[in-house]
Engineer: 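Dropping the structure in here first, questions after.
In this chain, residues are counted from 1 in sequence order. Everything quoted here is computed from the prediction, not taken from an experiment.
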Amino acid sequence: MRILNKKSNLLLLGFCLTGIPALFAQDSINPDTSSVFTTVETTPTSDPTVTINQDPRIKRLLDIQNELELKGAFNNNYKVQLYNGNMSQAQKILKKAEAAFPQWKTEIKWETPDFKVWIGNYRSKLETDRALKEIKKEFVGAFSFKPEK
């Protein structure tokens, strides 16, 4: 804390003493005349509001992105391969898998020179292993893998 010197103390005391007579004199001042002190009225502030002007297409794009994420388009999801071979046998396996496991999406992929039957789109290795355990009851040669993009 800084200690004031004598000149500062005297100056401060002078300001204080000059304001005291004005306080006592205010009682005798006519209310119609102006005084040393004025009143300030403040108005209550209104609640702030924020308006966002957004293109409606942004909402539609976000919905599409969420849908694609649920389908696994952006993720490195796991799948289970049921068959690898010719097209006629692949179609038979596909129909059998769709009947046995309607809860999972089944598809045929062609990778030179064979057709492959894939089932599911699993987000984790644990989820894939649980499904594979159930699938192996019907398709003994099934195995899980992570497809390359």
Side-chain angles (χ1 to χ4, degrees), residues 1-16 18-20 22-23 26 31-32 34-149:
M1 186 166 129
R2 193 173 125 186
I3 299 174
L4 298 175
N5 59 21
K6 289 183 181 181
K7 287 182 185 178
S8 299
N9 285 338
L10 288 175
L11 187 61
L12 184 61
L13 182 63
F15 283 129
C16 291
T18 56
I20 292 174
L23 288 175
Q26 186 176 3
D32 294 335
S34 65
S35 67
V36 176
F37 300 103
T38 59
T39 59
V40 178
E41 294 182 20
T42 60
T43 58
T45 59
S46 62
D47 291 332
T49 58
V50 176
T51 304
I52 299 174
N53 296 325
Q54 176 177 307
D55 192 338
R57 294 179 290 178
I58 293 174
K59 171 88 169 97
R60 195 168 65 212
L61 283 173
L62 289 173
D63 291 341
I64 290 170
Q65 180 185 8
N66 288 338
E67 183 180 326
L68 288 174
E69 284 178 356
L70 288 175
K71 289 181 180 179
F74 300 125
N75 298 336
N76 294 328
N77 292 341
Y78 295 90
K79 294 188 179 284
V80 173
Q81 183 168 315
L82 304 178
Y83 176 75
N84 181 26
N86 64 29
M87 184 175 171
S88 62
Q89 187 64 23
Q91 288 176 339
K92 290 178 187 175
I93 298 289
L94 177 76
K95 289 179 184 177
K96 183 178 176 184
E98 286 175 340
F101 307 108
Q103 69 269 29
W104 296 310
K105 179 184 172 193
T106 310
E107 58 187 329
I108 294 179
K109 290 286 184 178
W110 183 71
E111 291 183 5
T112 308
D114 295 322
F115 290 90
K116 299 179 180 190
V117 180
W118 293 350
I119 187 168
N121 194 15
Y122 309 104
R123 292 180 180 228
S124 68
K125 184 69 174 159
L126 179 63
E127 186 180 353
T128 307
D129 290 342
R130 287 179 182 161
L132 183 60
K133 187 176 180 180
E134 188 176 334
I135 291 170
K136 280 202 175 231
K137 294 175 186 174
E138 290 288 325
F139 302 96
V140 180
F143 63 92
S144 65
F145 69 101
K146 192 179 238 184
E148 295 178 4
K149 297 282 179 175

Engineer: CD1 of Ile58 to CD1 of Ile52: how many Å apart, nearest 0.5 Å?
Structural biologist: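 So the gap between those two atoms works out to 10.5 Å.
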Engineer: To check you understand the geometry: which heavy-atom pair defines the closest contact between Tyr78 and Lys125, and what is its length?
Structural biologist: CE1-N, 3.5 Å
Engineer: Can you tell if the side chain of Glu127 reaches within under 4.5 Å of the side chain of Ser124, non-hydrogen atoms only?
Structural biologist: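 Contact flag for Glu127/Ser124 side chains = yes.
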Engineer: Counting only pairs under 3.5 Å, give me each side-chain donor-acceptor contact of residues 88-109, with atom names and distances, residues two or more places apart or in other chains.
Structural biologist:
unit_1 : atom_1 : unit_2 : atom_2 : d
Glu107 : OE2    : Lys79  : NZ     : 3.2

Engineer: Step by step, work out the side-chain contact (heavy atoms from CB on, under 4.5 Å) result for Ile135 and Glu138.
Structural biologist: CA-CA 6 Å; Ile135 291 170; Glu138 290 288 325; 5.8 Å; no
Engineer: Rounded to the nearest 0.5 Å, what's the gap from CG on Asn77 to OH on Tyr122? Could you check?
Structural biologist: 11.0 Å
Engineer: So, taking the atom named NZ in Lys136 and the one named CG in Leu82, what distance separates them when rounded to the nearest 0.5 Å?
Structural biologist: 11.0 Å
Engineer: Within the 4.5 Å heavy-atom criterion, are Trp118 and Phe145 side-chain neighbours or not?
Structural biologist: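 Answer yes - side chains close enough.
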Engineer: Quick one: are Asn86 and Asp114 in side-chain contact, heavy atoms under 4.5 Å?
Structural biologist: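 With C-beta onward as the side chain, the pair stays apart.
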Engineer: What heavy-atom pair brings Leu132 and Ser144 nearest, and what distance separates the two atoms?
Structural biologist: CD2-N, 4.0 Å
